[in-house]
Amino acid sequence: MRSFLGEVLDDHADLTLIDMEAGLEHLSRSGGTLAYADVLLVVMEPSRKSIITAARTMTLAEELGIPRVYGLGNKAHLPEDGEFFRREAATQGVPLAGIIPYASQVAEADRAGLAVAELSPEAVRAEVDNVIAFLEGAMVA
């Protein structure tokens with residue numbers, strides 16, 4: 001997978017988005033599949049454990065040479081979840097790319113095999129657009 005991604009990124013694509021399953025094996029020194037990544041977006045649940053894990057992931061990504069690593073808050077159910085993400089991410093040194101609000105329609109779309117964009121409420125789509133704009137800006141900087 002690492003060789004394939006290296007070839008694709010070098011020769012065939014200006015942008016490749018890869019949704020990896022949860023886990024740190026993608027960041028191993030010996031065979032990290034993300035070795036050619038320019039940006040890593042670490043998805044976090046609204047829990048202290050998840051944000052601490054994201055901070056540890058950042059350290060591994062930096063050791064592998066990934067130049068930009070950001071946290072993405074996900075499934076913010078409560079109004080205070082946004083503040084929790086901002087506060088805990090700052091405490092752990094995890095820069096935030098955005099915070100996606102919880103929407104049951106996202107899970108419904110997944111179960112129905114539909115594109116999430118087809119059923120997601122405007123608040124989710126708007127925040128995803130904000131994250132994309134953030135990442136575009138980060139790539140220029």
Side-chain angles (χ1 to χ4, degrees), residues 1-10 12-141:
M1 179 63 114
R2 180 180 179 170
S3 296
F4 171 74
L5 289 175
E7 181 181 327
V8 168
L9 294 173
D10 284 344
H12 303 290
D14 292 329
L15 173 70
T16 303
L17 178 64
I18 304 165
D19 181 7
M20 307 294 280
E21 65 183 79
L24 299 176
E25 63 276 3
H26 310 296
L27 296 169
S28 70
R29 285 182 182 270
S30 61
T33 52
L34 298 177
Y36 298 103
D38 294 318
V39 177
L40 178 62
L41 200 57
V42 181
V43 179
M44 305 176 299
E45 301 285 321
S47 72
R48 179 168 280 120
K49 181 179 178 182
S50 182
I51 296 172
I52 289 170
T53 300
R56 291 179 180 151
T57 302
M58 280 186 62
T59 301
L60 293 172
E62 290 165 358
E63 288 174 6
L64 191 60
I66 299 173
R68 296 170 195 86
V69 184
Y70 304 102
L72 177 63
N74 192 31
K75 299 178 185 173
H77 285 265
L78 308 170
E80 55 269 17
D81 285 345
E83 180 52 36
F84 174 79
F85 274 122
R86 284 184 282 281
R87 183 183 66 248
E88 290 302 315
T91 298
Q92 296 298 325
V94 177
L96 278 176
I99 301 170
I100 307 295
Y102 175 81
S104 62
Q105 296 92 330
V106 171
E108 291 168 19
D110 182 56
R111 285 191 292 270
L114 300 172
V116 171
E118 293 181 38
L119 294 181
S120 294
E122 180 59 33
V124 171
R125 290 193 307 272
E127 188 57 24
V128 168
D129 287 343
N130 290 340
V131 171
I132 291 168
F134 173 86
L135 293 172
E136 289 173 337
M139 291 304 295
V140 172

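These values consider heavy atoms only, across backbone and side chains, with no hydrogens, waters or symmetry-generated copies. The first residue in the sequence is number 1, and the count goes up from there.
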Nearest-0.5 Å distance, [atom1] of residue [X] to [atom2] of residue [Y]:
X      : Y      : atom1 : atom2 : result
Ile100 : Asn74  : CD1   : CG    : 6.5 Å
Glu108 : Ser120 : CD    : OG    : 10.0 Å
Ile132 : Asn130 : CD1   : CG    : 9.5 Å
Gln92  : Ser50  : CD    : OG    : 11.0 Å
Ile66  : Met58  : CD1   : CE    : 11.0 Å

Shortest non-hydrogen contact from [X] toward [Y]:
X      : Y      : result
Leu41  : Ala97  : CD1-CB, 3.7 Å
Ala103 : Val124 : CB-CG2, 3.7 Å
Ala61  : Val69  : CB-CG2, 3.6 Å
Val94  : Ala54  : CG2-C, 4.3 Å

(request) If a pair satisfies ring pair (Phe, Tyr, Trp, His ring centres under 6.0 Å) and one of its residues is in residues 49-71, list it, with sequence neighbours excluded. (result) Tyr70-Phe134

(request) Among residues two or more places apart or on two chains, list those pairs meeting ring pair (Phe, Tyr, Trp, His ring centres under 6.0 Å) that have a residue in residues 72-100. (result)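 Those involving residues 72-100 are His77-Tyr102.
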
Please confirm whether the backbone N or O of [Y] pairs with a side-chain atom of [X], one donor and one acceptor, at under 3.5 Å?
X      : Y     : result
Glu127 : Ile99 : yes
Arg68  : Leu40 : no
Thr57  : Thr53 : yes

(message) Using side-chain heavy atoms (C-beta onward) and a distance below 4.5 Å, is Ile51 in contact with Glu45?
(response) no

(message) Within the 4.5 Å heavy-atom criterion, are Leu72 and Leu96 side-chain neighbours or not?
(response)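 No, every pair of side-chain atoms sits at 4.5 Å or beyond.
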
Can you sort out the partners of [X] under side chain to side chain donor-acceptor pair (under 3.5 Å), two or more places apart, ordered by chain and number?
X      : answer
Glu88  : Arg48
Arg125 : Glu122
Asp129 : none

(request) For Pro67, check side chain to side chain contact (heavy atoms under 4.5 Å, CB included) against everything at least two apart and list the hits. (result) none

